[in-house]
Amino acid sequence: MADKQFQAKVFVTLKNGVLDPQGKAIEGSLNSLGFDGVDSVRQGKVFDVALSATSKKAAEEQLSAMCEKLLANTVVEDYSITVSG
Amino acid sequence: MADKQFQAKVFVTLKNGVLDPQGKAIEGSLNSLGFDGVDSVRQGKVFDVALSATSKKAAEEQLSAMCEKLLANTVVEDYSITVSG
Amino acid sequence: MTVNNTHPITEELIRNHGINAEEYQRILELTEREPSFTELGIWSAMWNEHCSYKSSKKWLKTLPTDGPQVVYGPGENAGVVDIGDGDVVVFKMESHNHPSFIEPYQGAATGVGGILRDVFTMGARPIAAMNALRFGEPDNPKTRHLVSGVVAGIGGYGNSFGVPTVGGEVNFHRRYNGNILVNAFAAGLAKSDAIYVSKAEGVGLPVVYLGAKTGRDGVGGATMASAEFDESIDEKRPTVQVGDPFTEKCLLEACLELMASGAVIAIQDMGAAGLTCSAVEMGARGDLGIELDLDKVPVREENMTAYEMMLSESQERMLMVLRPEKEDEAKAIFTKWGLDFAVVGVTTDNLRFRILHQAEEVANLPIKQLGDEAPEYDRPWVEPGTHSPMEPHLFAPPDDYSAALLYLIGSPDLCSRRWVWEQYDTLIQSNSLQIPGGDAGVVRVEGHETKALAFSSDVTPRYVEADAYEGGKQAVAECFRNLIATGARPLAATDNLNFGNPEKPEIMGTFVASIRGIGEACEALGMPIVSGNVSLYNETNGEAILPTPTIGGVGVIEDWNAMARIGTADEGDVLFLVGTEATHLAQTLYQREILGEESGPPPPVDLQMERARGEFVLAAIKTQYASACHDISDGGLAVALAEMCMASGYGARCDLNITYPHAALFGEDQSRYIVAVDDQWADMFAANSEGSGVSFERIGTVAGDALIINDLVDIKVETLKNAHESWFPKFMSGQPGA
Amino acid sequence: MKTALVQFPGSNRDRDMIAALEQIGGQAVQLVWHTQTELPACDLVVLPGGFSYGDYLRSGAIAARSPIMAAIKAAADKGTRVLGVCNGFQMLTEAGLLPGALMRNAGLTFVCREVMLEVVHTNNVFSSRYEAGQIIRCPVAHHDGNYFAQADVLKRIEDGNQVIFRYAQGTNPNGSINDIAGICNAAGNVLGMMPHPENLIERAHGGTDGRALFEAALNTLERDAA
Ligand SMILES: Nc1ncnc2c1ncn2[C@@H]1O[C@H](COP(=O)(O)OP(=O)(O)O)[C@@H](O)[C@H]1O
Ligand SMILES: [Mg+2]
C-alpha cells in the first residue's frame with residue numbers, strides 16, 4: 001500500500017509546575033512594554049513535520065513515538081499532536 | 001466596561017526560505033532513529049498567553065502588537081494568533 | 001520544471017545593482033556583448049565596494065605591510081605572522097555593521113562566523129576572538145535591543161563554535177544611533193609549513209563545494225553592505241542570513257582533517273557573494289579558468305535561479321580545488337561530519353569563468369578581468385582641518401574630584417563591560433591567561449611551554465573625528481600600549497576601517513588622513529598591517545558615523561611567567577608613572593562627561609617617545625620588576641589608578657607633583673603607563689628609567705582599602721567597584737538611573 | 001585506570017578534558033566517536049562539554065540518542081565510572097542516567113564566570129579527595145545549567161546524598177533549584193556537573209581546585225602507590 005503525505009504539528013510545552021524562565025521573562029517585558037493586560041505567558045515549541053505514512057493513524061503513531069523518543073523531554077514536558085492529511 | 005479573560009496561542013515560525021538549523025538537526029536525528037518517513041522538520045515557538053481585554057477583538061489587537069514589538073522577530077519570523085475564551 | 005534565468009537588462013536593473021554608467025560601459029567592453037542577467041549579478045558582486053575596495057585600494061596600498069615576521073600580508077583570507085618554533089598566528093578583523101543593525105543577533109553571529117572561516121580556511125585552528133562594538137547613545141530607543149541582540153549573537157556563535165573571546169571594545173555615541181558597528185576579530189594558530197591559500201593550481205582538476213547547502217540567503221547582500229541606509233531599510237531585510245555555528249564547528253574539524261590528508265590544492269571560504277567571489281578568486285589568482293555546473297550545487301530551496309546560486313550568501317560553505325586521487329578519502333571525511341561534498345566544477349586553461357545551469361551556459365566571462373580589473377577610484381578628498389591646542393586653564397575644574405572620578409568610572413564608555421564578556425566563553429581551550437578586564441587578552445600557545453599571544457582592539461573615534469591623522473596614530477599607539485602592558489612584544493596588526501560615504505570629499509579626507517596616521521604609527525612601532533577590512537557608507541539619512549578605524553593588534557610573550565596584569569599589585573608596592581604629568585584635556589572623557597563638551601584637538605602621539613617608553617616598560621615586565629602594569633587611556637591617570645585598585649582590591653596612596661590638578665588627574669596625554677614595583681626593586685627601577693632616559697615619577701604606594709590622590713581624591717575601593725560595575729546591568733535591565 | 005572520552009559533533013570542550021585527563025592521569029585517553037556502538041575496555045567514561053548538535057532542540061538531547069549511548073548505559077549499570085561535565089551532564093539527564101533536567105539559565109543569557117562550589121558529599125569516586133563541606137573555586141560556562149527536578153525526585157536525591165556539588169556563597173549563576181551544581185546516581189558511579197573542573201587544574205588556569213576530582217576519578221593515589 002502506497003504512502004501518503006501528511007503535514008503534522010507537534011506541540012511541546014512545559015508541564016505545570018515546571019518553572020519557565022523564558023515565559024516569565026517575556027511576561028515581565030510585555031508588562032514593562034505597557035501590555036498590562038497580560039496575566040501569564042508560557043513558552044513552548046511547535047514542530048511542523050512533513051512525513052509520509054500509510055494512514056493518518058500510522059502517522060499519528062509515528063509522531064507520538066518521535067515525541068517519546070526525542071521531541072519531548074517527558075521529565076518536564078508534555079506534547080500534543082495534530083495531523084492534517 | 002469590565003475586562004474579560006482570554007486564553008491565546010501565539011505561533012512564531014521562521015519565514016519560508018530562512019535557514020532552520022534546529023529543524024535540520026532534528027530531522028537528521030529522527031531519520032537516524034529510524035523514522036525514515038520524516039521528510040522535513042521546521043521548529044517554531046508557541047506562546048500560551050493569558051490576558052484580559054475588553055473584547056476578543058481588543059485581545060487580538062493587543063496580541064499582534066505584542067508580536068510586532070517582542071514575541072516575533074519579524075525580520076526572519078512570521079506569527080499567527082488564535083484567541084479562545 | 002526548468003527555471004528561467006533570463007531577464008531584460010534595463011537601466012533601472014543596472015542602477016539597482018549599484019553599477020554606474022562608466023562602470024557599465026567597461027562591463028560591456030569586457031563582456032564583449034550585453035551581459036546576461038546572471039553575468040550582471042556577477043559583475044556587480046565583484047565590483048561593488050565590499051568586494052572590490054574600489055574607493056579605498058589606492059590608500060590601502062600606502063600602509064606598511066611587511067617585515068621579517070610577516071608570512072602573508074593583505075590579500076589572503078587573513079594575515080599570517082611568524083611567532084617562531086615553526087608556528088604562525090593567522091588573524092583578521094571584519095565588519096558586519098549593516099546586517100547587525102537590521103537583525104542584531106543573526107547579523108553579529110554571522111559576522112563572527114565569517115571571520116572564523118577566514119582564519120580556518122588558511123589551515124589555522126581559531127584560538128582567540130575579539131569584538132569591537134559601537135552603539136548609539138544609551139537613551140536612544142533602539143540601543144538596548146541592539147546591545148542585547150549583538151552580544152547574544154556574538155556569544156551564541158563563538159561559544160558554540162568553541163573559541164575564547166578574550167577582548168574587545170564597547171562605545172556609545174549619538175553618531176552611531178542609526179548605524180552601529182560590529183567588528184569581529186579572530187586569530188588562529190597553524191604550522192608555518194601547513195598554510196593554505198586560495199590560488200588554484202593545475203588544469204582539469206575538480207572544484208569541490210563543501211559545507212552547508214545553498215539557499216537564497218543574502219542574495220544581494222554584498223550590494224547591501226555597500227549601500228547607504230535610508231528609511232526604506234525594511235525592504236533590505238530578506239537579505240539577512242541565519243548562522244549555524246554547529247555546522248561551522250563541523251566544517252572546521254572537517255577542513256583541518258582534509259588539509260592533514262593532503263587533499264587540498266587550494267581552498268577559499270564563501271563570504272560575500274559566495275560562489276562568485278570564491279571561484280573567481282581561485283581562478284584569477286592561479287591564472288586559471290573555472291567552469292561550474294550549478295545543477296551539482298547542493299541546494300536547500302527549490303527552483304533557484306543561476307543568479308541566486310551565484311550570489312547566495314548562505315553561510316558555512318567553502319570551495320576547494322582537490323587532488324583527484326584523494327576524492328574518496330576527502331568525501332569520507334565530510335560524510336563523517338555530516339556535511340555536503342560535491343564536485344561542482346573544474347579548472348580550465350582558457351581563463352574564462354563559465355557557468356552552466358540546466359545544461360545551458362548562463363555566464364561566460366573573462367576571469368582575470370573579473371578578479372583584477374575592478375574599477376579603482378581616486379575619490380576627491382579635502383584635507384581635514386585641525387584645532388589649535390587648548391591650555392588646561394581653559395577647562396573648568398570639577399567641584400569635587402572624588403565625585404568626578406566616581407561619575408567617570410560609572411559612565412557608559414568607562415564602566416565595566418563585565419555584563420558583555422560574561423556572556424562570552426573566555427576560558428574554552430584551557431589556554432586563557434588573561435581574559436577581558438585587563439589591557440589585552442592573553443592565550444597560551446598550545447604545545448609550547450612558555451609562549452603566549454596577546455590581543456587588543458583599539459580606536460578612539462572622538463579623537464579621529466577631531467583630527468583624523470592624530471586619531472589614526474593614536475589607535476595604533478593605544479593598541480601597542482595595551483599589548484606592551486601585558487608584557488607582549490607587538491608583532492603586527494589588522495585594521496577595520498569604518499567610515500561614512502566616500503563620495504563626500506570631507507569623509508574621504510578623514511579616511512585618507514587617518515590611513516596616513518595609521519601607516520606612520522605602524523611603521524614607527526613595528527606593527528605592519530597584515531590584513532583588514534573596509535566598511536564605507538556607514539550613514540543614515542546623510543549623517544555619518546564617527547570615523548572609526550579599529551586596530552586589532554597581536555603581540556607575542558616569550559615566557560608567560562614574566563607577564564604583567566592589571567590587578568596583581570601587592571600591598572606595599574611602589575607605583576610609578578611612566579611618562580609625565582598630563583596637561584591635555586581637549587577631547588577627553590572629562591571634557592565630554594563632566595563638562596558636557598566635545599571640542600579641541602585630541603592628545604597628540606609622539607611615536608618615538610611611544611616606542612621608547614613601550615620598550616622600557618616591556619623590559620621592566622620581562623625582567624619581572626613589574627608586579628602589575630596598566631596603560632593610561634580614556635579618563636587619564638585617576639581612572640587608570642582606579643582600574644588598578646578595583647582589579648587588585650587594594651587601595652593606593654598617591655602624592656603627585658601637580659600644576660593643574662584636573663589635567664593631571666583626567667588629562668589623556670598619550671604614551672603613559674602605571675607600573676607597580678615591589679619596594680625592594682623600586683630604586684633599581686627608578687635607576688633604570690633614569691638610565692634609559694624615559695621620564696617617570698614615583699607617584700605612590702599600594703596601600704589600604706581606598707584610592708587617595710593628594711588631597712583631591714579619597715574613595716573606598718568598594719565604592720569604586722559599585723560605581724564601575726553597576727551601569728551596564730542596570731542599563732540592560734531597563735532600570736532608571738542607568 | 002583506562003579512560004575513554006566520547007566525542008560528538010559539536011563537542012568543543014573535549015580537548016580541554018583530554019588535556020586534563022592525560023595531564024593528571026598520565027595516560028593517553030581513548031577517543032570514541034558517537035556512532036560507535038561499543039566502548040573500548042575502560043574504567044572511566046567521560047562525556048565532555050560543548051554544544052553537541054549545536055544544543056539544538058534541547059541541550060544534549062540529540063547526543064543522548066546517539067548509538068554509543070546504549071553502551072554507556074550498560075557500562076554504568078556494571079559500575080563503570082561515568083563523568084559528564086556541562087553538555088555531558090545535560091546528556092546524562094536526557095539519557096535518563098541521572099534524574100532531573102537542565103533548563104535555560106534563569107537570567108536567560110549564557111554565563112561564563114568563576115563560582116564557588118560546596119562539596120556536599122564525599123561518598124563517591126569523584127569527590128572523595130575533597131573534604132565534605134569544603135568550598136572550592138570552579139568556572140562555569142553554559143546557557144542551560146538551571147537544574148530542575150520534580151519535588152519527589154528532588155527529595156529522593158537529597159535524601160539519598162546524591163547532591164555532590166552546590167553553588168556556594170550566593171554564586172548560583174543559573175537559578176538551579178537547591179543551588180544544585182552536580183549530582184550522582186544512587187550507586188555513586190555516575191556524576192554529572194555543570195561547572196568545569198578541567199579548566200582549573202594548573203597554575204596557568206589561576207588555580208588547581210579542579211584537580212582533586214580527576215585524581216579521585218582516576219585513582220591516582222593507588223596508581224602512585226603501585
Ligand atoms: N565587546 C567586548 N568583548 C570582550 N571584552 C570587551 C569588550 N569590550 C570591552 N572589553 C574588555 O573590557 C576591558 C576594558 O575595555 P577598554 O576600556 O576598551 O580597554 P582599554 O582601555 O585597555 O583599551 C578590556 O579588557 C576589553 O578587552
Ligand atoms: Mg588599556
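Scope of the values below: all heavy atoms of this structure, side chains included, with no hydrogens, waters or symmetry mates. Quick note on labels: first sequence line is chain A, next is B, and so on, each numbered from 1.
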inquiry  = Using a 4.5 angstrom heavy-atom cutoff, name the option from B/Gly34, B/Ser29, B/Gly37, B/Gly23 with the most pairs to chain A.
reply    = B/Gly37

request  = Could you point out which residue of A/Leu14, A/Asp20, A/Thr13, A/Val41 forms a side chain to side chain contact (heavy atoms under 4.5 Å, CB included) with B/Asp48?
outcome  = A/Thr13

query = Can you say whether A/Leu30 sits under 4.5 Å from chain B via the side chain, the backbone, both, or neither, judging by heavy atoms?
reply = both

task = Return the option, out of B/Leu33, B/Val10, B/Leu51, B/Asp36, with the maximum number of heavy-atom pairs under 4.5 Å with chain A.
result = B/Leu51

message = Just to be sure I understand the criterion: a residue of residues 70-81 of chain A counts if one of its heavy atoms is under 4.5 Å from a heavy atom of chain B. Which ones qualify?
response = A/Leu70, A/Leu71

message = Need one label for A/Ala8: side chain, backbone, both or neither, based on atoms under 4.5 Å from any heavy atom in chain B.
response = neither

inquiry  = To the nearest 0.5 Å, what is the distance between CE on B/Met66 and CD1 on A/Ile26?
reply    = 11.5 Å

task = Decide if atom NZ of B/Lys69 counts as having more than 12 heavy atoms of other residues, nucleotides or ligands within a radius under 6.0 Å.
result = no

Part of B/Ala59 within contact of chain A (heavy atom distance under 4.5 Å) = neither

message = Is B/Phe35 close to chain A through its backbone or its side chain, or both, or neither, when contacts mean heavy atoms under 4.5 Å?
response = side chain

query = Relative to chain A, which segment of B/Gln5 carries a heavy atom at a distance below 4.5 Å: side chain, backbone, both, or neither?
reply = side chain

remark   = Counting heavy-atom pairs under 4.5 Å with chain A, the top scorer among B/Gln62, B/Arg42, B/Gln22 is B/Arg42

request  = Using non-hydrogen atoms and a 4.5 Å limit, figure out which bit of B/Phe11 sits close to chain A: side chain, backbone, both or neither.
outcome  = side chain

